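Just below is one structure, and these are the notes that go with it.
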Amino acid sequence: MHHHLLQSLRLCATSSNPFPGKTLHAHILKLGLDQYGALPNTLISIYSKHGLIKDAHHLFDEMPQRDPVSWASILTAFNRANLPNRSISIFPNMFVHDCLQPDHFVFASLLNSCAALNALHLGRQVHAQFVLSAFSSDDITKSSLVDMYVKCGAVDIARAVFDTICLKNSVSWTAMISGYARSGRKLEAVEILRDMKVQSLFSWTALVSGLIQSGHFVSALRLFVEMKQEGIKIVDPFILSSVLGASANLAALELGKQVHCLVTKLGFESSLYVCNALIDMYAKCSDIIAAKIAFRYTIKKDVVSWTSIIVGLAQHGKAKEALALYDDMILTGLKPNEVTFVGLIYACSHVGLVNTGRDLFKSMVDDYGLNPNLQHYTCLLDLYSRSGYLDEAENLLNTMPFEVDEAVWASLLSACKRFGKTQMGIRVADRLMGLGVEDPSTYILLSNAYAGASMWENVAKVRKLMVVTDVKKEPGYSCVHLGKETEVFYAGETGHPMKNEMRVLLEDLDEEMRKRGYVPDVSYVLHDMGKQEKENQLFWHSERLAVAYGLLNGVPGSVIRVVKNLRVCGDCHTVLKFICSIVGREIVVRDASRFHHFKDGKCSCSDFW
DNA sequence: GTAGGGTTAG
């Protein structure tokens, strides 16, 4: 009888709905067989596989006789329900109530909970118990130890355990590879992969996506190409969404398009992860139109899809569209998350919708129970600053429940300059001086603020501090993407083979700009030097070189796409507005914090960044 | 005496 029921239960476990299992449970109860170990244990696991954690827990509680299998089942059930802390808190009862000792299955489940909780200390304790137990040679538990140490960031301990595994399977190898890759230890990660006899898509995915997580985009992409050459079949779209993420981070539009083609070729265009990655990739590669198309083609949209396009539109200065899409999203019944609100408040700051932004901030807390983080406060602050509500901004800065860094104060300082709030500017500047300044552009702001109030002693103090702290500007560079080719330019006179053509073009443009009223703003130059020399510095800024090169070599009439590592300098921003209207071309610059679409003499950022 | 439970990438 038991065997027959167990067979049926096993079938239920593979079924996609829980009702056959529940019916059998009722049947078992009627027969009074629920006391027999294997039957309730199987039921616990069926319930948990169908997400019915309450039923699983209830059954576990009611069991008169529990054994280690019951314990392994309930711990796994909590882990599966994303409640690893429940596993940890219930576990001591295994000794206290049931007088049982954990076996290797229980250890593996516990380690899984520790990994999910990032609880290294606890994990080490479980490790110690495991070593002292009768199961200390179990390889699978050792694999979960490797995984736990990796997830807690203790990669070297993970490696030590990994080396003691007698029969390594694909799971142990993959865990170790992903550990090295996610902590950016590329060489070691690759070495482990090379040691594997049978490499799978899994192991390559761990390597490539781990490296992408740790910011090693280019190495990851090279390895992805190598994987394809090795003939590994991409039977699962996971790695493709990772690679799309890398393209997005590198703003590599052509690469992203190629991966998009691969997605279509392999038939993964309906995978939600892939669709969301495509929306984000196109937006970050500054092709917001393609991002909108990708969004439209996403059949089953989730919060991430909506949020990706809302944030994308907001960053590209299309605030109205972003806010309109939010209304559509709410109509579909989806709940926005923290990231959605960052995009929305950011959008408001672009069009000066102070009240809408403030309402959204309130709605996030009151209607959706979300906790505003530093990013939300920074966006709100931006909204106040750029709309000229500087008292509100200063008040918010002084009352918000977060430690505020230099960049945030600096942005308020720059708003003070813009709106001519000299007194507040000095107050903020003094604050910044007390905070300690590292960013060279902050020094410029400080020096300008004091100079504007004729506080020459303080100007001298800032200069002196700059020398003492030996401020070095991170070298600025700009890349211009022309089809499959990319050129990189650093600030300063270039040694590029086309240097002369570029100089002539920039000089011609300079002449035309001056006719149209351009006056170089040398206040953006950090170094102490004469006016002419400062203008010369500006002339060779990397974003101008990139644009000049794009104009000379790009397809006539096409959009010029530039990616800069730092923020666009204020003077260059003015210059690019002139250039786009002189040459009648659209120029898109992605800088360290946002996108600038220069078109018809205007920029999508409305001159605030 | 047997079943039943564990580990990998967003």
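The model shown is predicted, which means the values in this text are computed figures rather than measured ones. Convention: sequence-line order gives letters A, B, ...; per-chain numbering from 1.
- Atom-to-atom, CG of A/L167 to P of B/dG6 comes out at 21 Å; the value is rounded to the nearest Å.
- Regarding A/I177, its CD1 atom lies at a distance of 15 Å from the C1' atom of B/dT7, rounded to whole Å.
- Between the CG atom of A/L75 and the P atom of B/dG5 there is a distance of 15 Å, rounded to whole Å.
- Here A/K151 reaches the OP1 or OP2 of B/dA9: one of its side-chain N or O atoms lies under 4.0 Å away.
- As a whole-Å value, the separation of A/F105 CZ from B/dG4 C1' is 9 Å.
- For the pair A/L39 CG and B/dG5 P, the computed distance is 12 Å after rounding to whole Å.
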| said: Test salt bridge (charged side-chain N to carboxylate O under 4.0 Å, His left out) on A/R567 and A/D591; report intermediate values, then the result. | reply: CA-CA 5 Å; A/R567 287 183 174 204; A/D591 76 5; 5.8 Å; no
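- Between A/N112 and B/dT8 there is a side-chain N or O to OP1 or OP2 distance below 4.0 Å.
- Using a 4.0 Å heavy-atom cutoff across all strands shown, A/T141 reaches at least one base atom of the nucleic acid.
- Within 4.0 Å (heavy atoms only), A/D139 reaches no atom of the nucleic acid at all.
- Sorted by first and then second residue, the side-chain hydrogen bond (donor to acceptor under 3.5 Å, both in side chains) pairs involving residues 234-262 of chain A (not counting sequence neighbours) are A/H260-A/Y282.
- With hydrogens and angles ignored, no donor-acceptor pair closer than 3.5 Å exists between the side chain of A/D103 and the base of B/dG6.
- If you measure from atom CD1 of A/I192 to atom P of B/dT8, you get 18 Å, rounded to the nearest angstrom.
- Between A/F130 and A/H104, the gap from one ring centroid to the other reaches at least 6.0 Å.
- Screening residues 189-216 of chain A for salt bridge (Lys or Arg N to Asp or Glu O under 4.0 Å) gives A/R194-A/E226 as the qualifying pairs, with residues at least two apart or on separate chains.
- No hydrogens or angles were tested; on distance alone, a donor-acceptor pair under 3.5 Å links the side chain of A/D138 to the base of B/dG6.
- Among the heavy atoms of the strands lying under 4.0 Å from A/R182 are primed sugar atoms or P, OP1, OP2 only; no base atom is included.
- For A/V106, the listed nucleotide lying nearest its side chain is B/dG5; candidates were B/dG6, B/dG5, B/dA9.
- An aromatic stacking contact between A/W173 and the base of B/dT8 is absent, as defined here by ring centres under 5.5 Å apart and ring planes under 30° from parallel.
- Applying the 6.0 Å contact sphere to OH of A/Y297 captures no more than 12 heavy atoms from other residues, nucleotides or ligands.
- Distance from the side chain of A/T205 is smallest for B/dA9 among the nucleotides B/dA9, B/dG5, B/dG6.
- B/dG6 atom C1' lies 14 Å from atom CD1 of A/I165, rounded to whole Å.
- When distances are taken from the side chain of A/H104 to each of B/dG6, B/dG4, B/dT8, the shortest belongs to B/dG6.
- For the pair A/R590 (side chain) and A/K284 (backbone), a donor-acceptor distance under 3.5 Å is present.
- Among the atoms of the strands shown, none is found under 4.0 Å from any heavy atom of A/S242.
- Across the protein-nucleic acid pair, A/K142 atom NZ and B/dT8 atom P stand 18 Å apart, rounded to whole Å.
- For A/N169, the side-chain atoms get nearest to B/dT7 when compared with the rest of B/dG6, B/dT7, B/dA9.
- Because its NZ or CZ atom is both nearer than 6.0 Å to the ring centre of A/F162 and within 45° of the ring axis, A/K168 counts as a cation-pi partner of that residue.
- Within residues 248-281 of chain A, the residues approached by DNA chain B to less than 4.0 Å at the level of any non-hydrogen atom are A/Y273, in residue-number order.
- A salt bridge links A/K292 with A/E321; the closest basic N to acidic carboxylate O contact falls under 4.0 Å.
- Side-chain proximity of A/R80 to B/dT8, B/dG6, B/dG4: nearest is B/dG6.
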